[in-house]
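Read the numbers this way: they start at 1 and go in the same order the structure lists the ligands and their atoms.
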Amino acid sequence: MVAALTGKASWPDKKFILVKKQKEMMVPCGIPYIFGTLDNTTQNIMPVDNMLEKAGIESLVDEVTKIDTEAKTAEMASGEVINYEKLVIATGSSPVKPKWLKGGEKENVFVIPKNKIYLDDMKARLASLKKVVVIGAGFIGVEFSDELIKHGHEVVLVEKLPDILSLAFDVELSEKIEEILVNRGVKVITGNGIQEILGDKKVEAVKLENGEIMDVDAVILSIGYKPNTKLAKESDIYVDESGFIAVDEYMRTHVKDVFAVGDCAQKRDFVTRARVATMLASTACAEARIAGMNLYNLNVVKTFSGTIAIYSTAIGNTGFGTAGVTEARAKAEGIDSITGTFEGIDRHPGNLPDTHKQLVKLITAGHSGVIIGGEVIAGLSAGELTNVIGLAIQNRMTVNSLLTSQIGTHPCLTASPAGYPLIKAAEIIASKTKYH
Ligand SMILES: Cc1cc2nc3c(=O)[nH]c(=O)nc-3n(C[C@H](O)[C@H](O)[C@H](O)COP(=O)(O)OP(=O)(O)OC[C@H]3O[C@@H](n4cnc5c(N)ncnc54)[C@H](O)[C@@H]3O)c2cc1C
């Protein structure tokens, strides 16, 4: 949708057609909230058709089954064939249900696809099921657990790694987030994966890797997504060894006039340059805008330079976010880093209503002072503050640029200019280095 909208805005004389398999599309990031805060899937529908119509883009509900890159045609399941000048593949991703997981086919084992019909059925079935185990404590698993608690389910969140959200946060922050989740009633088990789902026809229990058996009524698997690249592969568009469509910085595939964006397209980490499987709506939309702007003319400065992996979420009125690499990730990748952590408050004076603690951890490359990561636990401002850190990373700002930066403040809206956690964290780094 974003590729089409940006494409049409950039090339208004061209005709744009969006082909989508599903008539009604979910806001993907809103899906966990269907199971707690929102009443139903209808409240989470994306107004795709409205936006397309306003922009003068034609929309077809159909499935592209074949792309002929020589003849430049896309063939639909309905039999219709569309001729194209330029083609953008944005086939997305689907949830993983691993083949090794015994019992995965039982009734009341769920994955989380971006599919309204599936989610309607899942919501209806979960309503009568009390004890739910969520497998995988990434952002989606954490959000689901917190939402299910709101609906009165007993929730156990199981994570194989030693900490929840440990790919996104360093351990001292993960532990704080886990504490918040536990205080809201979620039982968290870490360092233990699922081995088998037990029961006759329906789920009755799960067996964990340590042999523990836990009685449960439903299992939700949130252990990752795989790119949908069958169509590309079958159309001889190069798909890499990890299953992503190979693209360059303009989001071009190796086939002339064919672009790929979003979860199905290959990604590199902005900092480490390593290939990563990060799947985010924010990354997808940035890639889509870049493809749209470069469709008919390569605008040499509008390129995608790697995913900064900016995630944020909230549990109650605590927001947390992360951008770039964690300290642990930097170490694993061989980057010598220096960090600074500062905890302040997000209002001044702190007696104002709704004042919340604001913790910022900044990660910089040791030899240059370039900001390569940041983690935030705060009030609901955490999302935008994480975005600011993302911009600092993308623009290769240094500790010095933060030390000299001007930030706007207001008692009801921000931390005090005298104790602004982002700048205080930079000061802590400066005090450990020669960058001051
Ligand atoms: C529960 C959940 C919560 C999330 N929360 C966040 C969040 O808070 N922030 C964030 O940044 N990201 C979040 N994400 C990730 C985000 O949703 C994805 O990165 C994003 O949806 C990727 O967009 P996409 O367009 O590449 O793929 P998709 O959203 O997967 O869309 C691909 C579309 O293509 C259609 N399609 C596939 N094949 C064909 C075909 N052959 N013909 C026609 N149509 C086809 C599919 O039906 C689908 O509608 C979340 C994901 C989930 C599942």
Ranked by distance from atom 6 (C) of ligand 1, the top protein heavy atom is C29 SG, 3.1 Å
Identify the closest protein heavy atom to atom 16 (C) of ligand 1: which residue and atom is it, and at what distance? A281 N, 3.6 Å
Could you tell me if K86 sits above the aromatic ring of F259, with its cationic atom closer than 6.0 Å to the ring centre and no more than 45 degrees from the axis? no
Below 30° counts as parallel, above 60° as perpendicular, anything between as tilted: where do the rings of F320 and F139 land? tilted
For the pair F110 and Y118, name the ring-plane relationship: parallel under 30°, tilted 30 to 60°, perpendicular over 60°. perpendicular
If we only count heavy atoms from C-beta on, is the I393 to V271 side-chain gap below 4.5 Å? yes
Check each heavy atom of [X] against ligand 1 and say whether those closer than 4.0 Å belong to the side chain, the backbone, both or neither.
X    : value
T91  : both
D62  : backbone
M25  : side chain
A288 : neither

So is V2 close enough to ligand 1, meaning a heavy atom under 4.0 angstrom away? no
Can you tell me if Y225 has a non-hydrogen atom under 4.0 Å from ligand 1? yes
In ligand 1, which numbered atoms sit nearer than 4.0 Å to a non-hydrogen atom of V19? 43 (C), 44 (N)
Tell me the nearest of T278, L119, N228, V64 to atom 41 (N) of ligand 1, using heavy-atom distances. V64
